[in-house]
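Read the numbers this way: they start at 1 and go in the same order the structure lists the ligands and their atoms.
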Amino acid sequence: MHSFRYVHGRLHCEDVAIESLVKRHGTPLYVYSHETLSRHFEKLDEALRPLDHLICFAVKANSNLAVLRTLSRKGSGFDIVSEGELRRVIAAGGDPRKCVFAGVGKTESEIAYALKQGIYAFNVESEPELKRINQVAAKLKKTAPIALRVNPNVDAHTHAKITTGTYENKFGVAFEQVERIYARARALRNVRLRGLQMHIGSQLTEVKPFADAVRKVVPLAAKLAKRYGFEFFSIGGGLGIVYQPALASGDETWWKSPPARKMLTPSKYADELIPLLKPLGLKILIEPGRFIAGNSGILVTRVEYVKQTGKKNFVIVDAAMNDLVRPAMYDSYHEIVPMKQANGKLVSSDVVGPICESGDTFCKDRMLPRSVEGDYLALLSAGAYGSAMGSTYNTRPLAAEVLVRGKRSELVRQRQPIEMVWAGETVPAWL
Ligand SMILES: Cc1ncc(COP(=O)(O)O)c(C=O)c1O
């Protein structure tokens, strides 16, 4: 469930008409719902209540300060993958003591910064990284809390580019090597073995791969916890969302009834996993990004031109793959709906951006209401891995972002001033 719906034929976010936001802020424009962000966090939090747990929102999914503030106010911790993300969390008022630091390439300076901020744990992805963390901690006369990221070699049955928990992937330490590496880690003077972590992939729509991975890793976690006095086990992120709610265009009720059968709900997830995790007696961390932010945001775009070629009806919009790269990168599906509800005939449409790449395509041969120049469209489910993956390719400024709460709305990232796109570049005097 999310808070984008038609009211009298006009798309709204909570109580705010998208039309009014477009008038004020222009396009391309990301719009986030405070209510949806909060509700998704709360649903997960409630479902996990039987466990001592901490939700660490994956900042990579949406790193806007207002989004991070919304979640930190709810008590969220954060899963970070860079010094920059930790700095964002702190700037948003988040607590570094609730942060876990993942990523295969942590630099010395990133490790030092995170140590100084007192993060909860480094999720260590290799033995050389472990050595480096120990060295940096020794230099700073600190003890680094660590957890090894175990790669359980379980197929998550998701898109190859977002699978992370098989031996084909660069992430974590092979299941068979974990015990040996912890034994070595114990001898290091400046690390403290605080827990174990895993993550098998993103956009998982079934609970089975989670359960398979948890079943495989729990006995190891139990053994190591006893041996080293662990405090936590993190089961990663990965809960999928519905991107394709079989939206019948013109049906005002589509947003009320997403196909529940297909959804991986927090209660389905919790019902299956809690009995497996509870006996461990450890604090359970989860690191969801997409589940919390995905359906909390849309990308609004203006139709610039419509052109028919011999074969196709191209709807050329002012958003592009630099604003939302998921369709170009993962062939991913985003529902596209008009800002003003249309009841006319549907026409086969390719919605494309202005970037000089054939991959700059949001959908192909999709039956959509006929658009004309000056119409506005919304790409739904764009709140995760949307603006966070934005770039300035083709010297296009980063899109503006707005947060809505009830009747209120606020610009939470201004459209990037065009000169800022090349700020920092210089032309040598000898040219
Ligand atoms: C270690 C880790 N944790 C959490 C996440 C967040 O995943 P999701 O957005 O699917 O919940 C990712 C995403 O790749 C990840 O690699």
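- Close approach of ligand 1 to Arg149 (heavy-atom distance below 4.0 Å) involves ligand atoms 1 (C).
- Contact annotation: for Phe171 versus ligand 1, there are no heavy atoms closer than 4.0 Å.
- At least one N or O atom of Asp79 sits closer than 3.5 Å to an N or O atom of ligand 1.
- Judged by the 6.0 Å distance and 45° axis criteria, Arg192 is not positioned over the aromatic ring of Tyr228.
- Judged purely by distance below 3.5 Å, without hydrogens or angles, the side chains of Asn190 and Thr143 never pair a donor atom with an acceptor atom.
- Applying the side-chain hydrogen bond (donor to acceptor under 3.5 Å, both in side chains) test to every pair with at least one member in residues 217-226, sequence neighbours left out, gives these pairs: Glu179-Lys223.
- Taking every heavy atom of Gly237 and a limit of under 4.0 angstrom, the matching atoms of ligand 1 come to 4 (C), 11 (O).
- A donor-acceptor contact shorter than 3.5 Å is absent between the side chain of Glu401 and the backbone of Tyr30.
- With Glu46 contributing its side chain and Lys43 its backbone, the two residues share no donor-acceptor pair below 3.5 Å.
- Relative orientation of the Tyr243 and His334 rings is perpendicular, given thresholds of 30° and 60° on the angle between their planes.
- Heavy-atom contacts of Pro288 reach the following atoms of ligand 1: 11 (O) (cutoff under 4.0 Å).
- Distances between N or O atoms of Gly289 and those of ligand 1 include at least one value under 3.5 Å.
- Short contacts between ligand 1 and Tyr385, defined as distances under 4.0 Å to a heavy atom of the residue, involve ligand atoms 6 (C), 7 (O), 8 (P), 9 (O), 13 (C).
- Listed by number with element, the atoms of ligand 1 under 4.0 angstrom from any heavy atom of Ser202 are 7 (O), 8 (P), 9 (O), 10 (O).
- Closest heavy-atom approach to atom 6 (C) of ligand 1 within the set Glu287, Arg290, Gln203, Glu125: this belongs to Glu287.
- Residues meeting the side chain to side chain contact (heavy atoms under 4.5 Å, CB included) test with Ala47, sequence neighbours left out: Pro266, Ala270.
- Using a 4.0 Å cut-off between heavy atoms, Ala61 makes no contact with ligand 1 at all.
- A heavy-atom separation below 4.0 Å is not found between Gly236 and ligand 1.
- In the model, Ser3 has no side-chain atom that pairs as donor or acceptor with a side-chain atom of Tyr32 under 3.5 Å.
- The N/O atoms of Phe291, backbone and side chain alike, include none that comes under 3.5 Å of an N/O atom in ligand 1.
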